[in-house]
Amino acid sequence: MTLSQWQDFTPGPSLLPTLSVTLSLLFESSPILLTKLVPELANLMAHPSFKAPRSYHDLIEVSLRHIQTWSLRDRALFISGHPRIGERGKLSALSQAEQVTKVTSQGVLERLEALNALYERSFPGLRYITFVNGRSREDIIPEIGNILELPIDPSQPSVITIHKMGSPEWMDELARAICAVGLIAHSRVKALELA
């Protein structure tokens, strides 16, 4: 899937397919993106008072603002459309390119898998999302560990705190993850030379 130039997002029969392709590329295709975000944005864009986005960056910002109006559960489902850091298989071409800047050892992949599981236990319903921005997968390990408040030495015992949905810590992580999804989307616009 590629985008070559700015699409005209005016109401009409081509709006839903155009939005579906565009948002799937920028945000990662997911059921909630296709069944909730796309139709809701199409309805919003059809309103006469709606100021249409004038760039892909505008479209990303309109989408993110709209997502903030959703329930906590739906926002969590949206960020879960992104693959886990270090996940193998099931990656879009863009996610694969973003995550694989260097060869990753099996030990790093196993550590990320364990940290992803701990994160998802600590923040039920959330998935750890970060803007990789050219960093190696190994560089992400301390970042996840810091959020989980893990000891620097992985051989040291640790206790995982469970943050209930809606708790301040959980809400902070949800906001951080949505921000990261936005940064990733803006980066994709630049990478695809659509800016």
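These numbers come from the heavy atoms of this one structure, side chains and all, not from hydrogens, waters or symmetry mates.
Under the 4.0 Å criterion applied to side-chain N and carboxylate O atoms, E113 and R84 are not assigned as salt-bridge partners. A salt bridge does not link E173 with R127: every distance from a Lys NZ or Arg NE/NH1/NH2 to an Asp or Glu carboxylate oxygen is 4.0 Å or more.
Residues E120 and Y128 form no side-chain contact, since every pair of their non-hydrogen atoms from C-beta on lies 4.5 Å or further apart. The closest side-chain heavy-atom distance from L77 to W70 is not below 4.5 Å. Looking at heavy atoms from C-beta onward, R75 lies in side-chain contact with I67 at the 4.5 angstrom threshold. A 4.5 Å side-chain heavy-atom check between E149 and I160 finds every atom pair outside the cut-off. A 4.5 Å side-chain heavy-atom check between S30 and H82 finds every atom pair outside the cut-off. By the 4.5 Å heavy-atom criterion applied to side chains, S63 and L23 are counted as neighbours. Contact of the E28 side chain with the P83 side chain is registered, since non-hydrogen atoms from C-beta on lie closer than 4.5 Å. The side-chain heavy atoms of L15 and L41, taken from C-beta on, include no pair separated by under 4.5 Å.
A distance of 11.0 Å separates OG of S80 from CG of D74, quoted to the nearest 0.5 Å. S29 OG to L34 CG: the interatomic distance, rounded to the nearest 0.5 Å, is 4.0 Å. Atoms CD1 and CG, from I79 and L126 in turn, are 4.5 Å apart once rounded to the nearest 0.5 Å. Between atom OG1 of residue T104 and atom CD of residue E110 there is a gap of 12.5 Å, rounded to the nearest 0.5 Å. Here the straight-line distance linking atom CD1 of I85 with atom CG of L112 works out to 6.5 Å at 0.5 Å rounding. Here CG of L37 is found 7.0 Å from CZ of F27. Values are rounded to the nearest 0.5 Å.
Annotation: salt bridge (charged side-chain N to carboxylate O under 4.0 Å, His left out) contacts of R121 (sequence neighbours excluded): none. For S167, the side chain to side chain contact (heavy atoms under 4.5 Å, CB included) partners two or more places apart in sequence, or in a different chain, are H163, E169, W170.
Residue I144 forms a side-chain contact (heavy atoms from CB on, under 4.5 Å) with just one option from N146, I141, L148, and that option is L148.
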- prompt: Yes or no on side chain to side chain contact (heavy atoms under 4.5 Å, CB included) for L115 and R111, after CA distance, side-chain angles and deciding distance?
  reply: CA-CA 6 Å; L115 287 170; R111 181 73 177 141; 3.8 Å; yes
message: If you apply the rule side chain to side chain donor-acceptor pair (under 3.5 Å), what do you find for H57 with S55, and how did you get there?
response: CA-CA 5 Å; H57 293 292; S55 70; 5.9 Å; no
message: Before you tell me yes or no, could you show the steps for E87 and R137 under salt bridge (Lys or Arg N to Asp or Glu O under 4.0 Å), namely the whole-Å CA-CA distance, both residues' side-chain angles and the distance that decides it to 0.1 Å?
response: CA-CA 10 Å; E87 189 170 36; R137 289 171 170 165; over 6 Å; no
message: Does L26 form a side chain to side chain contact (heavy atoms under 4.5 Å, CB included) with I184? I'd like the steps, not just the answer.
response: CA-CA 8 Å; L26 297 174; I184 293 164; over 6 Å; no
- prompt: Is there a side chain to side chain contact (heavy atoms under 4.5 Å, CB included) between E143 and R135 once you walk through the steps?
  reply: CA-CA 11 Å; E143 184 179 309; R135 296 178 289 165; 2.6 Å; yes
query: Can you check side chain to side chain contact (heavy atoms under 4.5 Å, CB included) on F123 and I147, steps first, answer last?
result: CA-CA 10 Å; F123 297 96; I147 289 170; 3.9 Å; yes
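Looking at S122, its side chain does come within 3.5 Å of a backbone N or O of T161 through a donor-acceptor pair. In this structure, S24 contributes its side chain and V21 its backbone to no donor-acceptor pair below 3.5 Å.
When the shell of 6.0 Å around CD of E40 is examined, it contains more than 12 heavy atoms from other residues, nucleotides or ligands.
V38 and S20 get closest at one heavy-atom pair: CG1-OG, 3.5 Å. For the residue pair A42 and L19, the shortest heavy atom distance occurs at N-CD1, 3.8 Å. Considering all non-hydrogen atoms of both residues, T130 and R176 come closest at CA-NH1, 4.4 Å. Across P53 and D58, no two heavy atoms sit closer than the pair CB-CB, 3.6 Å. Nearest heavy atoms, I60 versus G182: CG2-O, 4.3 Å.
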